[in-house]
Each structure stands twice: as structure tokens, then as C-alpha cells.
Number of protein chains: 2
Amino acid sequence: MKVKEHLKYASEFHLPNIAVNTVIFSFHKKRLNVLLLKFADTPHFMLPGGLVMKDEDIDDAAMRNLKDRTDLENIYLEQFYTTGKAKYNSEDIVNVFSKQLGDKMVENWLNQRFIRICYYALVDEDKLKPTTKDLFVNEHKWVDAFEHPKLLFNHNIIVEKAILKLQDDLDKKLVEIGENLMSETFTMGELQKLYEAVFQREFTRTNFQRKMLSLNILERLEKKYSGKSHKAPYLYRFKDIQ
Amino acid sequence: MKVKEHLKYASEFHLPNIAVNTVIFSFHKKRLNVLLLKFADTPHFMLPGGLVMKDEDIDDAAMRNLKDRTDLENIYLEQFYTTGKAKYNSEDIVNVFSKQLGDKMVENWLNQRFIRICYYALVDEDKLKPTTKDLFVNEHKWVDAFEHPKLLFNHNIIVEKAILKLQDDLDKKLVEIGENLMSETFTMGELQKLYEAVFQREFTRTNFQRKMLSLNILERLEKKYSGKSHKAPYLYRFKDIQ
DNA sequence: ACAAAAGTGTTCATAATACACCCATGT
DNA sequence: ACATGGGTGTATTATGAACACTTTTGT
């Protein structure tokens with residue numbers, strides 16, 4: 001049985017009771033999105049995650065997992081939280097999994113206790129090829145980070161904590177986050193849209209521009225002619241050396 | 001053999017590969033201190049830590065550990081980081097432990113891989129009775145948080161991350177942190193000393209006072225006569241309801 | 001000419017800083 | 001009286017928000 005083999009493999013080479021979960025963010029069409037995975041044939045969604053190998057750093061485990069999932073390398077990753085409730089699997093989750101795995105499997109595997117080390121990642125939605133190596137996943141979707149549906153396990157809370165951390169980080173590490181969520185060059189308007197998507201509020205255009213320029217991290221390039229009937233905005237990129 | 005029994009006990013009731021570590025802060029004589037434990041008969045110090053029981057939330061594990069260590073309850077605890085290098089035990093650490101435990105024990109126990117979930121705690125140094133239930137610890141000391149000596153494992157890095165988190169939290173959660181690091185009533189000067197200890201910089205007295213009062217979280221009480229030859233300062237305490 | 005979006009300037013309010021000044025207290 | 005630490009006022013400087021005005025572009 002394929003599932004059985006999979007689980008046996010898991011128990012042999014991986015640490016027990018420990019998982020990494022990743023909230024994968026993208027910035028697309030003015031929105032901050034997160035990647036959700038559909039569990040098997042159920043209508044339920046969850047966050048990508050995986051186990052940690054016995055001889056593997058946890059950061060590497062998160063990165064490997066992300067590579068398996070998105071086929072992207074050198075992704076921006078930030079750890080933000082570890083959750084470890086002794087019992088969090090509610091009735092309905094157990095039921096969902098029972099149907100897929102059989103009761104015995106649930107008892108042996110799902111009901112084992114997991115400590116989840118949580119990361120968030122920043123990716124370019126367009127570059128992502130959805131690879132589905134995972135046995136239990138054959139579908140994924142991007143959803144608005146602020147309107148995620150009810151997820152399996154305690155994943156909703158994890159998404160909310162990830163958003164808070166991202167908000168906190170955006171000011172502190174603007175260059176890194178910007179470079180990973182935006183294309184290499186961008187207009188001031190696009191950068192403002194990123195801020196508005198992350199903080200879920202509007203900024204005054206004129207003041208936002210001045211604020212960003214005063215940080216001295218942007219390099220002004222040529223103008224961008226969009227073919228639209230209005231003044232062409234400058235393109236910017238983040239300065240190389242800080 | 002006592003050590004052997006101890007380790008057997010640990011492996012039966014606790015999760016393998018997982019530990020909690022706590023950086024215990026106190027504010028004493030104008031200084032931010034951390035509690036260090038001396039490992040057995042060696043001259044080496046380390047942070048308090050312990051294992052997680054199989055049916056125990058990680059937050060509870062940290063709290064239980066703290067209770068065992070300090071005999072204090074309802075302590076302010078904040079998780080801030082999880083570290084999980086696959087191999088971090090350097091030669092010198094292994095040597096230290098070999099002498100204490102014997103080579104075989106080291107191989108079986110110390111050399112096992114640990115994922116460390118890190119918390120910081122805030123306590124009142126004076127209320128702390130050092131209980132040493134731990135088999136390997138019979139001495140503790142408070143040291144300046146910014147001048148901690150070389151510690152076993154990767155604990156120095158953990159202390160530094162704890163300080164950064166505490167600094168970040170002090171502004172955000174001043175009431176909670178203040179209530180846990182200071183006595184119930186305090187003068188403005190004492191509060192300023194706390195800030196100066198945490199941020200390792202000086203603040204202008206007059207402006208600091210105004211800043212704190214403008215936050216509207218302090219309640220002014222009677223004056224405090226210290227017997228010293230100068231104007232008696234007001235006492236303050238944090239307002240109950242926010 | 002006009003609409004739409006971008007860039008710049010100016011004003012006003014608020015917050016941060018520096019520092020002068022006076023106040024209480026015990027020796 | 002004076003040294004010491006505490007409290008308040010005030011002037012100056014940054015910082016932030018609001019908004020008017022000008023510029024550029026394609027239709």
C-alpha cells in the first residue's frame with residue numbers, strides 16, 4: 001500500500017513529532033496572497049509543510065520542502081513562530097483524515113503529536129511551477145492573505161501570525177522584502193500598492209513618495225511609458241550597496 | 001546509577017529531540033541580568049532548559065521548567081525563536097560532557113540532535129529561591145545580560161536574540177514588561193533606568209518623563225521620601241484598566 | 001482641450017530634543 | 001547655604017499629514 005510505505009519512510013528518516021510549515025506569500029495584482037494546498041480528495045485546504053530529516057538543520061528542511069513544493073531555490077525565508085499544543089486535532093479534522101487514511105493510520109500517524117516550526121516565504125507567483133510531489137496534494141490555489149478560508153489544523157492562526165511578522169519586517173527589511181515580492185524595477189505606485197496590500201490601509205500618494213525617497217534606498221531609472229494617457233512614472237530599483 | 005536512571009526517565013516520558021530553553025531576565029541595581037546555571041563540576045555555564053513531556057503543550061513545558069528552577073509561578077513568558085542545527089555540539093562541549101557522563105552516555109544522549117524552542121522570562125531577582133532539582137546543576141549566578149561569558153552549546157546566540165526580542169517588546173508591551181521587571185510602585189527615575197538597562201543608552205531625563213506620562217498608562221501616587229537630601233519623587237504604578 | 005496619473009511645493013499640526021528654570025529635601 | 005535629584009515650561013527642530021499646483025502623456 002502506497003500510503004503505508006510513505007509513512008514508514010517518514011518514520012525512518014525523519015525526526016518524530018516535528019514539522020515545518022510555511023506560509024508562502026506573493027504580491028500579485030495589488031494583493032498579498034498565500035498559497036494553500038488541497039488535501040487529497042477532500043474540499044479542505046492547508047498550508048504546505050513537511051518533516052525534518054534526522055541530519056538536517058530546520059532552516060534547510062524548510063527550504064527543501066519549499067523547493068519540493070514550488071521548484072524555486074534561494075527563496076526568502078523567515079522563521080516566526082513555533083506551535084506545540086499537545087492536542088489540537090479537533091474531531092472534524094480526525095474525521096477528514098480517517099476517510100482518507102483509515103482509522104488505524106489516523107491513530108498511528110495523524111494523532112501523533114506535532115510541534116510545528118513556522119516560516120514565511122516570499123515568492124514571485126508567476127515564477128512558481130506547482131509541483132505536486134506530495135502524496136496527499138494534487139491541487140493548490142492562491143488566496144487573499146486576509147481572507148483565507150477555514151484551514152485544517154490550526155493553520156489559520158499561523159497565517160495570521162505570519163502576516164503580523166511580515167508587517168513588522170516590511171519596515172525593518174524593506175529592501176530584502178521588496179526585492180523578493182516585486183520585480184526588479186518598479187514604479188513608486190507599485191511600491192505603494194505593496195504597502196497597501198501588506199498593511200491593508202491606504203497611504204497618501206505624495207507623502208508616500210517623499211517618505212520612500214528619503215530612505216535613500218531607491219535608485220531612479222528611466223521613465224516607464226505604459227501607453228496610457230498620463231505622465232510616465234519613473235522606474236526605480238533598490239540600490240545595490242547599503 | 002543515578003544518571004542512567006535519569007536519562008531513562010527522560011526518554012520514556014518526554015519527546016525526543018526537543019528541548020525548551022529559557023533566558024530568565026531580571027532588572028536589578030540598574031542592570032538587566034540573565035540567570036546562568038553551572039554545569040555539574042565543570043566551570044562552564046549554560047541557560048536553564050528542559051524537555052517537553054509527551055502530553056504537554058510547549059508553553060506549559062517552559063512554565064513547568066521555570067517553576068522547577070525558580071519556584072515561581074505565573075511568570076511572564078514569551079517565545080522568541082527556535083533553533084535546530086543538525087550538528088552544533090563542538091568538540092569542547094563533547095569533552096566537557098564526556099568527563100561527566102562517560103563516553104557512552106555522550107554518544108546516546110548528548111549527541112542526539114536537539115531542537116531548542118527558546119523563551120524569555122521576566123522575574124524579580126529577589127523573589128527567586130534557587131531550587132536545584134536538576135541533577136547536573138548545583139550553582140547559579142546572575143550576570144549582566146550584555147556581558148555574558150562564553151556559554152555551552154549555542155546559548156550565547158540565544159541570549160542575544162532574547163535581548164533583541166525584549167527590546168522590541170518593551171515599547172509594544174510596556175505595561176506587562178514593566179509590571180514583571182519592576183516592583184509594583186516605582187519612581188520615574190527607576191523606570192528610566194529600566195529603559196537604559198534594556199536599550200543600553202541614556203535618555204534625557206526631562207523628555208523621558210514627559211514621554212511616559214503622555215502614554216497615559218501611569219498612575220501618580222504619593223511622594224517617596226528616601227531620606228536622601230533632595231526633592232522627593234512621585235511614585236507611580238501602571239494603571240489597572242487599559 | 002481634457003482626463004488621468006505623476007511629481008513637487010507649501011502649509012499646518014504634532015512629536016522629539018535641548019535646555020533653562022525652579023522646587024524640595026537632608027546635611 | 002548648598003548639593004542633589006525631581007518637576008515643569010519653552011524654544012527649536014524634525015517628522016508627518018493634508019492639499020494645492022504643475023507636468024506629462026494619449027485620445
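Just so it is clear: chains get the letters A, B, ... in the order the sequence lines come, proteins before strands, and each one is counted from 1.
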Strand contacts (DNA chain C) in residues 196-208 of chain B, 4.0 angstrom heavy-atom criterion: B/T204, B/T206, B/N207

Inter-axis angle, terminal five-pair segments of the helix from C/dA1-D/dT27 to C/dT27-D/dA1 [nearest 10°]: 20°

Rounded distance (Å) that lies between atom P of D/dA17 and atom OH of A/Y195: 13 Å

Annotated protein contacts, base or backbone, on nucleotides 22-27 of chain D with a non-hydrogen cut-off under 4.0 Å, one of B, S, - each: -BBBB-

For the student: nearest non-hydrogen atoms of B/V20 and B/A62, plus distance: CG2-CA, 4.1 Å

B/D59 backbone acceptor or donor facing B/D57 side chain under 3.5 Å: no

Nearest-angstrom distance from the residue atom CE of B/M212 to P of D/dT8: 16 Å

B/R220 CZ to D/dG6 P, straight-line distance once rounded to whole Å: 13 Å

Test item: B/E219 side-chain N/O and B/Y236 main-chain N/O as donor-acceptor pair under 3.5 Å: no

Any B/T22 side-chain heavy atom under 4.5 Å of B/L77 side chain: yes

Side-chain donor/acceptor of A/R210 to base of C/dG7, under 3.5 Å: no

Salt bridge flag under 4.0 Å for residues B/K172 and A/D168: yes

Interatomic distance where CG belongs to A/L215 and C1' belongs to D/dA14 [whole Å]: 15 Å

Candidate pair B/F238 and B/F186, rule ring-ring contact (aromatic ring centres under 6.0 Å, His included), full reasoning: CA-CA 9 Å; B/F238 293 105; B/F186 47 86; 5.1 Å; yes

Test: A/E179 and A/R237 ion pair at under 4.0 Å: no

Donor-acceptor under 3.5 Å (A/N21 side chain, A/R116 main chain): no

Separation of atom CD in B/Q209 from atom P in C/dA16, rounded to whole Å: 16 Å

Side-chain touch B/K127/B/T70, heavy atoms, less than 4.5 angstrom: no

Cationic N near anionic O, under 4.0 Å, B/K30 to B/E196: no

Atom pair distance, as rounded to whole Å: CG in B/L191 and C1' in D/dG7: 16 Å

Interatomic distance where NZ belongs to A/K211 and C1' belongs to C/dG7 [whole Å]: 19 Å

Worked verdict on B/Y195 versus B/F208 for ring-ring contact (aromatic ring centres under 6.0 Å, His included): CA-CA 10 Å; B/Y195 263 81; B/F208 180 84; 5.3 Å; yes

